[in-house]
Chemist: 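Here it is, the structure, as structure tokens.
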Number of protein chains: 2
Amino acid sequence: MAELIIAVETADVRFPTSLDLDGSDAMNPEPDYSGAYVTVRTSSGAAGYGLAFTVGRGNEVEVAAVRSLARLVVGLPVEEVLGDLGAFSRRLTGDSQLRWLGPEKGAIHMAAAAIVNAVWDLYGRREGKPVWRLLAGLSPEQLVDLVDFRYLQDALTREEALDILRRAEPGRAQRAEQLLSEGFPAYTTTPGWLGYSDEKLVRLSQAAVAEGFTQIKLKVGADPDDDVRRMRLAREAVGPGIRIAVDANQAWGVPQAIDWMRRLAPYDPYWIEEPTSPDDILGHAAVRRAVAPIKVATGEHTHNQVMFKQLLQAGALDVLQMDASRTAGVTENVAILLLAAKFGVPVCPHAGGLGLCEMVQHLAMFDYVAVSGSMDNRVIEYVDHLHEHFTDPVRIRRGRYLAPTAPGLSAELHAQSAAAHRFPEGAVWKRKAA
Amino acid sequence: MAELIIAVETADVRFPTSLDLDGSDAMNPEPDYSGAYVTVRTSSGAAGYGLAFTVGRGNEVEVAAVRSLARLVVGLPVEEVLGDLGAFSRRLTGDSQLRWLGPEKGAIHMAAAAIVNAVWDLYGRREGKPVWRLLAGLSPEQLVDLVDFRYLQDALTREEALDILRRAEPGRAQRAEQLLSEGFPAYTTTPGWLGYSDEKLVRLSQAAVAEGFTQIKLKVGADPDDDVRRMRLAREAVGPGIRIAVDANQAWGVPQAIDWMRRLAPYDPYWIEEPTSPDDILGHAAVRRAVAPIKVATGEHTHNQVMFKQLLQAGALDVLQMDASRTAGVTENVAILLLAAKFGVPVCPHAGGLGLCEMVQHLAMFDYVAVSGSMDNRVIEYVDHLHEHFTDPVRIRRGRYLAPTAPGLSAELHAQSAAAHRFPEGAVWKRKAA
């Protein structure tokens, strides 16, 4: 009897992070970090865990979208799914009726991400490998089979993708060993939330440097005078040798972004992240031309590989910030890593939120071992929130992510955390309501 | 006591259109035309009706998204809402938590459209005017106040938008009268669904010409040999003087689109619609350069004004096909009409589905009276489905939309139709299940 997927369970879990203004930025003043948390179960008792991250209200829509997609998954043979994860993704994103809600964007695409990630977690557990090692053990042909080239051919062909992967084959084992011994560089956003006082900003910036980080990030975009002051304070606090990225979280139009960055330029910002609408490819390109040598970074809201393709084609970014659950999970992110490698743009994944650090570390490490083969100018975002709720939390030492060694994608919540934070019926939310 | 919005009701209504292969195309083989149907009710007993169109499965996610947005609306004073509909849209699309599901795209943005459209319907009823006349009676300043210029400034400033509207002020009354006497040109997609036989294609094409249409549309993109044959048959059936548009519904990558259109070119296709991914601005531009003088048309899946801005900036389209409920309803469509006017691109709205003809006629007619002031190369799509379920259905005479005269946006369903088609509990669906 073949092993079948017998359930795709989903839960609305929310953490009341808005109470401390952790995570506050120009567009997200009061996020409650949340997730549509997915458990895929098989007829032999195995399980895989994934999630789509949201910031509170609306998580119930994400849960509804997962439920709608779940009907396409329950009953499938596990071997068939894991044997062709490219086809599995197309099944989720290509349903002729459900795709109307996207196509390949927004709530329905993020729901696909949660399920795809849970299935990769299942796959890793089955193989006894963390997902970065599972991916890095696949052949170039197997990896390329994950990619849907329909809309990519004008920028990346199957043959070019194979070439990229074959060039990186020598040295895979050595780079994996290096990750296990040295980890992967991180940067920290912990000091720079908009809601923090100047004193807290300075203290946390200095603490980050003392902890070994060589890059920090400040949120900007609410008030230009405040931003100049905060940028100056941060620069004075960390000195000239530390990179300070700034992040506007989409607050500006194109001309405003250019003006604002001219005011911050004297304090040597390393990159400006999300200077304008995440959909504005041509706008990002215009900002990049105007603010160079300050780099332009974007990607956490870039909704699919077609958008990333164009950002690269248009010369709109210096730093590609993939997200674990905005595009359709691990599978689509393999395609995006290949696109970035084709254009020679470093990938520095977006993280923070709920479980994003846990998931994206696998993508960055796979990229290093088997795609780009490089750590130059590559850093994974790190935010020190909510890791204690995961069974295999990220481990940071001296400003670096240690390579995960447990099987899977590291997105499993402790059962008691998931239960206590279920919205609205979990103990944490009942206590808040009372 | 001020009049308040006291309810935003939503219903999952679906029509089993897949039974007849009406609406079948390269990406939507079996649509069940559906809608998240919204009724906004006020404390004085008034109501407005709107909907977000979907093609079946997933309509439940749209309904969930409307419910999530409804919390932002219930309790607002009606005067305040109608007095600043620009702010009302920003309230729906800018909620700091809900916007994570977009921003401004996919299920959450379409839900905003349904609510915004219902509120415009309410406004029209209150003023005793069809929405096209309501809009065409607003001053240039009032119209420009509807627009969110944050991400548009690099392509269209407030002053430029005012200039466009002021230039069109003379002659408003005359053009409105002309619409009432002559209507607005339509084209028909009825002959060209992929699921129809050659015989039915020829018969319906000839019937369309006999009814007075000067443009028809064929679905293409499943099989090139079939498409060449169908295009040849249609051209032979209608003769050289009738425009035949073709619609690939996103089926192709960029090089494939170019090759396929070279094969159809001998039969003089007027435009190629959605040749590739709706997100691929640069891809559309490449196709347009390669297939000229065949025109490129797109827009029914273009998810917001920032995407339309770039399609125009990149020279990616000849025909802009706005949709009534893909972007955030009437309000955002005013901005898109202004962008199109700035770039001199004609707007030919997408219609068909459920209630789209009913809603978009108001947009095209407003455009003619108060924005572009032109009917040149402008046609509204027409599909002869499901109109009988609306209280104020479109009226087509000799290939033209007659101007609606009843107050509102024409999206109200007959109560018995809405009840019978509720999914899954309505009589139509219960009968199908039995």
Side-chain angles (χ1 to χ4, degrees), chain A residues 27-32 53-65 67-68 71 94-111 149-154 250 252-256 276-283 286 301 303-304 306-307 309-310 313-314, chain B residues 27-32 53-65 67-68 71 94-111 149-154 250 252-256 276-283 286 301 303-304 306-307 309-310 313-314:
Chain A
M27 301 294 265
N28 306 288
E30 298 176 308
D32 285 323
F53 170 63
T54 79
V55 293
R57 287 185 296 280
N59 203 46
E60 70 281 6
V61 177
E62 213 43 65
V63 166
R67 290 206 177 106
S68 300
R71 290 174 216 130
D95 178 80
S96 72
Q97 295 188 349
L98 286 165
R99 75 185 293 285
W100 192 268
L101 302 188
E104 300 182 46
K105 61 178 64 69
I108 196 75
H109 208 50
M110 293 159 70
F149 285 97
R150 183 201 299 230
Y151 297 136
L152 301 186
Q153 316 156 41
D154 55 324
Q250 316 166 22
W252 303 321
V254 170
Q256 198 182 10
T276 188
S277 163
D279 294 330
D280 200 345
I281 296 155
L282 302 179
H301 282 83
H303 55 265
N304 62 34
V306 175
M307 296 299 284
K309 177 187 77 165
Q310 294 174 88
Q313 287 174 316
Chain B
M27 301 294 265
N28 307 288
E30 298 176 309
D32 285 324
F53 170 63
T54 79
V55 294
R57 287 186 294 282
N59 203 46
E60 70 281 6
V61 177
E62 213 44 65
V63 166
R67 291 206 176 108
S68 300
R71 290 175 216 132
D95 177 80
S96 72
Q97 295 188 349
L98 287 163
R99 75 186 293 283
W100 192 268
L101 302 188
E104 298 181 48
K105 61 178 64 69
I108 196 77
H109 207 51
M110 295 161 70
F149 285 98
R150 184 202 298 232
Y151 297 137
L152 301 186
Q153 316 157 40
D154 55 323
Q250 317 165 20
W252 303 321
V254 170
Q256 197 183 10
T276 189
S277 163
D279 295 329
D280 200 345
I281 296 154
L282 303 179
H301 283 83
H303 56 264
N304 62 34
V306 174
M307 295 300 283
K309 177 187 78 166
Q310 293 175 87
Q313 287 174 316

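A note on names: the letters A, B, ... follow the listed sequences, proteins ahead of strands, and every chain is numbered from 1. Since we're looking at a predicted model, the values are computed, not measured.
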Chemist: For B/Trp252 and A/Tyr151, which heavy atoms make the closest approach, and how far apart are they?
Modeler: O-CE2, 3.3 Å

Chemist: Provide the closest heavy-atom pair for A/Ser277 versus B/Val306 in the form atom of the first, atom of the second, distance.
Modeler: OG-CG1, 3.7 Å

Chemist: Checking heavy atoms, do the side chain of B/Leu152, its backbone, both or neither come under 4.5 Å from chain A?
Modeler: neither

Chemist: When rounded to the nearest 0.5 angstrom, what distance separates CG in B/Asp154 from CG in A/Asp280?
Modeler: 6.0 Å

Chemist: Quick one: which of A/Gly58, A/Gly283, A/Ala111 has the most heavy-atom pairs under 4.5 Å with chain B, could you say?
Modeler: A/Gly58

Chemist: For the candidates B/Pro103, B/Gly56, B/Ala65, B/Ala64, which exhibits the highest count of non-hydrogen atom pairs separated by less than 4.5 Å from chain A?
Modeler: B/Pro103

Chemist: How many angstroms lie between OG1 in A/Thr54 and CD in B/Gln97, if you round to the nearest 0.5 Å?
Modeler: 8.0 Å

Chemist: Heavy-atom distances under 4.5 Å only: say whether B/Asp32 touches chain A with side chain, backbone, both or neither.
Modeler: both

Chemist: In Å and rounded to the nearest 0.5 Å, what is the CZ to NE2 distance from B/Arg99 to A/His301?
Modeler: 6.0 Å

Chemist: When heavy-atom pairs shorter than 4.5 Å are enumerated against chain A, which of B/Asn59, B/Leu98, B/Val63 gives the highest number?
Modeler: B/Leu98

Chemist: Work out which heavy atom in A/Trp100 is nearest to a heavy atom in B/Phe53; give both atom names and the distance.
Modeler: NE1-O, 3.1 Å

Chemist: Most heavy-atom pairs under 4.5 angstrom with chain A, which of B/Met110, B/Gln256, B/Lys105?
Modeler: B/Lys105

Chemist: Which bit of B/Ala286 is near chain A, if near means a heavy-atom gap under 4.5 Å: side chain, backbone, both or neither?
Modeler: neither

Chemist: Which bit of B/Arg67 is near chain A, if near means a heavy-atom gap under 4.5 Å: side chain, backbone, both or neither?
Modeler: neither

Chemist: Are A/Met307 and B/Met307 close enough that some pair of their side-chain heavy atoms sits under 4.5 Å apart?
Modeler: yes

Chemist: Between A/Pro255, A/Ser96, A/Gly106, A/Gly94, who has the most heavy-atom pairs with chain B when the cutoff is under 4.5 Å?
Modeler: A/Ser96

Chemist: Heavy-atom pairs under 4.5 Å with chain B: which of A/Ile281, A/Ile108, A/Val254 has the most?
Modeler: A/Ile281

Chemist: Which region of B/His109, side chain (C-beta onward) or backbone (N, CA, C, O), has a non-hydrogen atom less than 4.5 Å from a non-hydrogen atom of chain A, or is it both or neither?
Modeler: neither

Chemist: Out of the candidates B/His303, B/Lys309, B/Gln310, only one should pair with A/Asp279 under the side-chain hydrogen bond (donor to acceptor under 3.5 Å, both in side chains) rule; please name it.
Modeler: B/His303

Chemist: Is it the backbone or the side chain of B/Phe149 that comes under 4.5 Å from a heavy atom of chain A, or both, or neither?
Modeler: neither

Chemist: Any idea which heavy atoms bring B/Gln153 and A/Gly253 closest together, and the distance?
Modeler: NE2-CA, 3.9 Å

Chemist: With a 4.5 Å limit on heavy-atom distance, are the side chains of A/Leu101 and B/Glu62 in contact?
Modeler: yes

Chemist: So, B/Ser68 and A/Glu60: side-chain donor and acceptor under 3.5 Å apart, yes or no?
Modeler: yes

